[in-house]
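Right, one structure below, let's go through it.
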Amino acid sequence: MLLPTLLLLSHDDSLAALVEKASKTGWRVAQHRETHATHSLFAEPNVRVVILDDEAVDEHDRGRLLAQIRRRLPTASLLYIAGGHNEDNEKRARTGGAHYYVSKPLAPERFHHILASFMRSHEAASS
């Protein structure tokens, strides 16, 4: 059986550690530190959750990457983490199909619960 994959697009080691800690047994975490090589981003099998840390993406490439995620992974849940909150970041995330938007600094316990709920919903859908 192919494990569900959580695709983490970030070069933030503290976020990666938080995601590893929060991810459930039976899931595979695939971290991509570089987001410009988009062909390799979408080669991961069975992606169910995508976490996009916008600090890993140039400002002018964020909208394009969101569109590619939605087109290539239409059934995956998309969590958008902004390096800093502003109206433009939130609008881009929401119009780009993000199911959840948050800005840094993250509240670890809250983020853990949010991520777990998305993972549970995909587990329930595949049962």
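None of these values were measured; they are calculated from a predicted model.
At a threshold of 4.5 Å between non-hydrogen side-chain atoms, the residues Leu115 and Val49 count as touching. Two residues are said to be in side-chain contact when any heavy atoms from C-beta on lie closer than 4.5 Å; Tyr100 and Leu78 fail this criterion. Between Leu6 and Val19 there is a side-chain heavy-atom pair separated by less than 4.5 Å. At least one side-chain heavy atom of His122 sits less than 4.5 Å from a side-chain heavy atom of Trp27.
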Audit row: His112, Leu106, side-chain contact (heavy atoms from CB on, under 4.5 Å) steps and yes/no: CA-CA 10 Å; His112 180 277; Leu106 298 177; over 6 Å; no
I'd like to know whether Leu8 forms a side-chain contact (heavy atoms from CB on, under 4.5 Å) with His32, so could you lay out the CA-CA distance, the side-chain angles of the two residues, the decisive distance to 0.1 Å, and finally the verdict. CA-CA 6 Å; Leu8 174 60; His32 287 260; over 6 Å; no
Take Val47 and Phe42, measure what side-chain contact (heavy atoms from CB on, under 4.5 Å) needs, and give me the verdict at the end. CA-CA 9 Å; Val47 174; Phe42 301 108; over 6 Å; no
Is there a salt bridge (Lys or Arg N to Asp or Glu O under 4.0 Å) between Glu59 and Arg92 once you walk through the steps? CA-CA 11 Å; Glu59 176 81 27; Arg92 179 186 311 111; 2.5 Å; yes
Might you work through the side-chain contact (heavy atoms from CB on, under 4.5 Å) test for Val50 and Leu79, ending with a clear yes or no? CA-CA 6 Å; Val50 177; Leu79 287 70; over 6 Å; no
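Two rings, from His99 and Tyr80, have their centers 6.0 Å or more apart.
Smallest separation of non-hydrogen atoms from Asn86 and Asn89: OD1-N, 2.7 Å. Nearest heavy-atom pair, Pro108 versus Leu18, reported as atom, atom and distance to 0.1 Å: CB-CD1, 3.9 Å. The nearest pair of heavy atoms linking Arg70 to Gly96 is CG-O, 3.1 Å. Residues His85 and Ser103 share a closest heavy-atom pair of CB-OG, 3.3 Å. Shown here for Leu3 and Asn46, the closest heavy-atom pair between the two residues is O-ND2, 3.1 Å. Across all their heavy atoms, Ser10 and Leu15 have their closest contact at OG-CD2, 3.6 Å.
Atom NZ of Lys104 sits about 10.0 Å away from atom CZ of Phe111, to the nearest 0.5 Å. Here Ile114 contributes atom CD1 and Met119 contributes atom CE; the two are 13.5 Å apart, rounded to the nearest 0.5 Å. Note that CG of Leu52 and CD1 of Ile81 are 8.5 Å apart. Values are rounded to the nearest 0.5 Å. If you take CG on Leu9 and CG on Leu65, they are separated by 6.0 Å, rounding to the nearest 0.5 Å. With rounding to the nearest 0.5 Å, the separation of OG in Ser23 from CZ in Arg28 is 11.5 Å.
Panel note: side chain Asp53, backbone Glu55; a donor-acceptor pair is recorded below 3.5 Å. Under the 3.5 Å distance criterion, the side-chain polar atoms of Glu44 are left unmatched by any main-chain donor or acceptor of Thr5.
The pair Arg62-Asp88 fails the salt-bridge criterion, with no side-chain N (NZ, NE, NH1 or NH2) lying under 4.0 Å from an Asp/Glu carboxylate O. Look at Glu123 and Arg48 and you find no salt bridge, because none of the NZ, NE, NH1 or NH2 atoms lies under 4.0 Å from a carboxylate O.
None of Ile51, Leu73, Ile69 except one satisfies the side chain to side chain contact (heavy atoms under 4.5 Å, CB included) rule with Leu7; the exception is Leu73.
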